[in-house]
Amino acid sequence: MTVTTRPAATVPHPLAPLAPEEIQEAVRVVRDQQGLTPDTRFVMISLREPDKQRLLSYDGTEPLPRDVAMVLRDRGRRRTYEAVVSLDTGQVTDWRHLPGVQTAITEEEFAQCEAAVRADPRWQQAMRRRGVEDFSLAMVDAWPPGHTGELDDACGRRLACPLTFVRAHPDDNGYARPVENLVALVDLDSMEVLEVTDRGTVPLPPLAGNYDPDVRSPDGNWPAVVEERRDLRPIDITQPEGPSFTVDGYAVRWQKWEFRIGFTVREGLVLHQIGYRDQGRLRPILHRASLAEMYTPYGDPGFTHYRKNAFDEGEYGAGFMVNALELGCDCLGEIHYFDAVVHDQDGAPVTLPHAVCMHEEDMNIAWKHTDFRTGKVVTRRRRRLVVSSFAVLGNYQYGYFWYLYLDGTIEFEVKLTGMISTGAFSGTCPPYGTAVAPGLYGPHHQHFFSMRLDMALDGPHNSVYEVDSVALPVNEDNPHANAWQTRHRLLSCERQAQQRTAHAATGRFWNIVNPERRNGLGQPVGYQLIPRSGLLPMQPEGSQAWKRARFCYGHLWVTAYDRTQMYAAGDYPNQSRGGAGLPAFVQGDRPLENADVVLWHTFGEHHVVRPEDWPAMPVVSTGFSLRPNGFFDGNPALDLPAPHACTGTAAGPGTDTAAGRDTDTDTGTGTGTGTGTGTGTGTGTGTGTDACHGRHCH
């Protein structure tokens, strides 16, 4: 056996995303050593990150193992495999067959499924019954089948239940004309169309739903075409001295923050080793932060819609679907871009340019006080660092935004936009949705997002408390019935910490503390996890959602760290019966007090569809924040410099002056040329300037 090793100089940081040549080498090794058949496809290839303990002690002097994790599907043998390849030794160190497991649906399968359905005579006949003869204008979306119990006789098959939409021309918005009551069943391994079921013709909605001015016609469009606005003046965001951040590969420093950018084909954007430099010492906060699953259950029992239960990460892979972000459109100002490297189903590396955007934003007031006795005003402005990415997951688009603030606050926000999933109706709109155009409706649904927050608050030994504000009884200590206080409940083990729910009425938050580290007041240092969403699934116990997406039924779960426990619904949710993921992780009831803990926070968006959501949905957002709570001895943004335009003097009574008001202009990010070209300099990990003012960006 020949063992090859790489020179130390070529070894990247142990958390750096895989480079194209590393993917090529890992694929070559597994092909050579496992004798893959021509039918074997590479579903997911990602860095197998070193164990947390090894990373915490990593000082850069000795390289850590560089391993690649793979998921493969042999379509001919109907088998799923996992592999681990060591790039240091050039060996397959782990190879295992996973009986009965169905992997995520690949982009290749999505396209092949569409072609197979279009060629099926039964489907063609159903389309002709609806007056459609040009099948090339049909859009066929390969929805996963979920697990409703009705397809158990197809056990072992890799299935999709495609839905059909019709375009009037190649650039038309096909979601304006859904084909109701027509569902196919496709074997994705053989690309055989097993069934085509037509439950009755519903007329195609009559009007187009085009949102792009280049293809919107003056008539026949809903809503009616209106003249584009001409009175929006440019906003220029400039940083004449450049941005305040520095980038070294994937390592970022901004103000007192330090962290690393990561990226995987399943999760997309990941942040590693987030720390804040306090009085010269880098204090860790989060070891790893990622979106661990997305789940979208629909509330329409109609034949076309009841199966819609999508796990967008585990059933597709969010990292494959990122947009190339554009200056002036997706990001404004002095921008730094990171490319992402993914792969195709042959295992060849594919570079996605401008997959991650980073820039600074002015965020109004950081803190302010006016001494009304002296008239002196002290004002400081707020700023944040934004790290963002956008994924196109079928009809929906999801923007993932991390915000780091000068005062130690961390926020994560999901911005939802794109296109609603639609249905057609005749007569009265079904009560499970809202009409958005004549004969067209959007079924009500929910979006759930599960964040995996691997904590390392001033070190790996942390505890989690659930904190509620409670009113005290009226007695001799509270004679005026105005007293209340906070009560802290230690979540000491996994069963206590499972399926915890938010409670806005008591201001509930979760406090993560390090019992071994104290602030200047003698209190354990801490951070608050503050929920923005109290959403829970509408589906009751025993439903498909309950069985397969149990993580959604609690806003917080806490588990002991385990490098193999990464995804809230388990490694393979496609066609799963349920029970994997968080419900399985907590069965061991591991202790959590003063331990290496991982927080799983679920939040969501309750989408009761509106007419205003058509044809392109205005952005709605949801998320959460992490705020220091005794982590510092006082306001860590006290050292911010004064705004240049702030006079520091308050206006007295009866005067008409701007003195004392904060008139600081945004020194924000980037420069705009006003050329309307929409182009910018910088590719890969370069920078660019905003040159998109004055044009319509889409």
Side-chain angles (χ1 to χ4, degrees), residues 43-44 46 71 73 80 98 100-107 109-110 113 141-149 151 158-163 188 264-270 290-300 305-322 391-398 400 414 416 418 421 443 445-452 535-539 543-554 557 565-585 600-605 607 622:
V43 181
M44 289 190 177
S46 294
V71 177
R73 179 68 178 179
T80 297
L98 305 177
V101 164
Q102 303 299 338
T103 70
I105 298 173
T106 68
E107 186 176 2
E109 289 172 326
F110 202 93
C113 178
D141 287 359
W143 280 77
H147 195 283
T148 60
L151 299 176
R158 181 170 169 75
L159 301 172
C161 291
L163 303 179
L188 293 177
T264 75
V265 293
R266 178 163 176 163
E267 302 158 297
L269 176 62
V270 178
S290 65
L291 184 59
E293 191 53 85
M294 302 164 55
Y295 178 59
T296 307
Y298 281 73
D300 188 337
H305 308 284
Y306 76 92
R307 293 185 188 86
K308 291 180 178 178
N309 286 259
F311 294 85
D312 286 308
E313 283 198 4
E315 290 178 333
Y316 293 106
F320 288 113
M321 309 297 180
V322 295
V392 180
L393 293 164
N395 50 291
Y396 260 97
Q397 275 85 75
Y398 298 91
Y400 310 118
V414 179
L416 299 87
S421 183
H445 56 281
Q446 296 175 297
H447 302 265
F448 292 96
F449 307 91
S450 175
M451 298 299 299
R452 183 180 183 274
L535 187 65
L536 292 172
M538 299 299 295
Q539 290 80 1
S543 65
Q544 180 180 183
W546 171 266
K547 294 174 182 177
R548 304 179 68 227
R550 186 74 57 82
F551 69 89
C552 298
Y553 290 79
W557 304 61
Q565 296 176 350
M566 297 294 294
Y567 309 116
D571 294 344
Y572 301 101
N574 190 15
Q575 295 180 226
S576 69
R577 294 174 178 267
L582 284 171
F585 298 165
W600 308 74
H601 176 46
T602 299
F603 56 95
E605 172 64 23
H607 197 169
T622 183

Q: Can you tell me how far the CD atom of E109 sits from the OG1 atom of T103, to the nearest 0.5 Å?
A: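 Answer rounded to 0.5 Å: 6.0 Å.
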
Q: Are any side-chain N or O atoms of S450 and backbone N or O atoms of A568, one a donor and one an acceptor, separated by less than 3.5 Å?
A: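 Checking the backbone N and O of A568 against the side chain of S450, no donor-acceptor pair under 3.5 Å is found.
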
Q: Let me confirm one number: the OH-SG distance from Y306 to C161, rounded to the nearest 0.5 Å.
A: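 Interatomic distance, Y306 OH to C161 SG, rounded to 0.5 Å: 7.5 Å.
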
Q: Is any side-chain heavy atom of Q575 closer than 4.5 Å to one of P145?
A: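 Answer yes - side chains close enough.
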
Q: According to side chain to side chain contact (heavy atoms under 4.5 Å, CB included), who are the partners of V270, at least two apart in sequence or on a separate chain?
A: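 For V270, the residues satisfying side chain to side chain contact (heavy atoms under 4.5 Å, CB included) (neighbours in sequence not counted) are T264, E267, H272, R288, S290.
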
Q: So, do R548 and H147 sit near enough that their side-chain heavy atoms are less than 4.5 Å apart?
A: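 Yes, close enough: below the 4.5 Å cut-off.
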
Q: Report the C-alpha distance between E313 and R452 in whole Å, list the side-chain angles of each, state the deciding distance to 0.1 Å, and finish with yes or no for salt bridge (charged side-chain N to carboxylate O under 4.0 Å, His left out).
A: CA-CA 13 Å; E313 283 198 4; R452 183 180 183 274; over 6 Å; no

Q: List for me each residue that meets side chain to side chain contact (heavy atoms under 4.5 Å, CB included) alongside Q565, sequence neighbours excluded, and say none if there are none.
A: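 Only D562, F585, R590 meet the side chain to side chain contact (heavy atoms under 4.5 Å, CB included) criterion with Q565.
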
Q: Can you check whether F603 reaches V414 side chain to side chain, under 4.5 Å on heavy atoms?
A: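 The answer is yes; the side chains approach within 4.5 Å.
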
Q: Could you walk me through whether R73 and Q102 satisfy the side-chain contact (heavy atoms from CB on, under 4.5 Å) test, starting with their C-alpha distance in whole Å, then the side-chain angles of each, then the deciding distance to 0.1 Å, before giving a yes or no?
A: CA-CA 8 Å; R73 179 68 178 179; Q102 303 299 338; 3.5 Å; yes

Q: Rounded to the nearest 0.5 Å, how far does CH2 of W143 lie from CZ of R307?
A: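 Going from the CZ atom of R307 to the CH2 atom of W143 covers 12.0 Å.
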
Q: Report the residues that fulfil salt bridge (Lys or Arg N to Asp or Glu O under 4.0 Å) with E605, sequence neighbours left out, ordered by chain and then residue number.
A: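 Listed in chain order: nothing, the list is empty.
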
Q: Cation-pi between R266 and Y567: NZ/CZ under 6.0 Å from ring centre and within 45° of the ring axis?
A: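 Yes; both conditions hold, so R266 lies above the ring face of Y567.
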
Q: With a 3.5 Å distance limit and no angle check, can you tell me whether T622 reaches the backbone of G604 through a side-chain donor-acceptor pair?
A: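 Yes: the side chain of T622 pairs with the backbone of G604.
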
Q: Are D312 and Y396 side-chain neighbours, meaning at least one heavy-atom pair lies under 4.5 Å?
A: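 Side-chain contact under 4.5 Å: no.
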
Q: In sequence, state the C-alpha distance, the side-chain angles, and the governing distance for Y398 and L416, and then conclude on side-chain contact (heavy atoms from CB on, under 4.5 Å).
A: CA-CA 5 Å; Y398 298 91; L416 299 87; 3.8 Å; yes

Q: So K308 and S421, side-chain contact (heavy atoms from CB on, under 4.5 Å) or not? Walk me through it.
A: CA-CA 10 Å; K308 291 180 178 178; S421 183; 2.7 Å; yes

Q: Do T296 and F448 have side chains that get closer than 4.5 Å, going by heavy atoms?
A: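 No - every pair of side-chain heavy atoms lies 4.5 Å or more apart.
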
Q: Just so I know, are the side chains of N574 and R158 near enough to count as touching, which here means a heavy-atom distance under 4.5 Å?
A: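 N574 vs R158: side chains touch.
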
Q: Indicate the atoms forming the closest heavy-atom contact of L393 with G317, along with that distance.
A: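 Heavy-atom minimum between the residues: CD2-O, 4.5 Å.
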
Q: Nearest 0.5 angstrom please: D141 CG to N395 CG, how far?
A: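 It comes to 7.0 Å.
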
Q: State, with a plain yes or no, whether a side-chain heavy atom of P297 is found less than 4.5 Å away from one of Q539.
A: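 Side chain of P297 against side chain of Q539, heavy atoms only: contact under 4.5 Å found.
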
Q: Would a line drawn from the ring center of W557 to the ring center of F551 be shorter than 6.0 Å?
A: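 W557 vs F551: aromatic centres not under 6.0 Å.
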
Q: Check L535 against Q446 and note the closest heavy-atom contact, atom names and distance.
A: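 Closest pair (atom of L535, atom of Q446, distance): CD1-NE2, 3.4 Å.
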
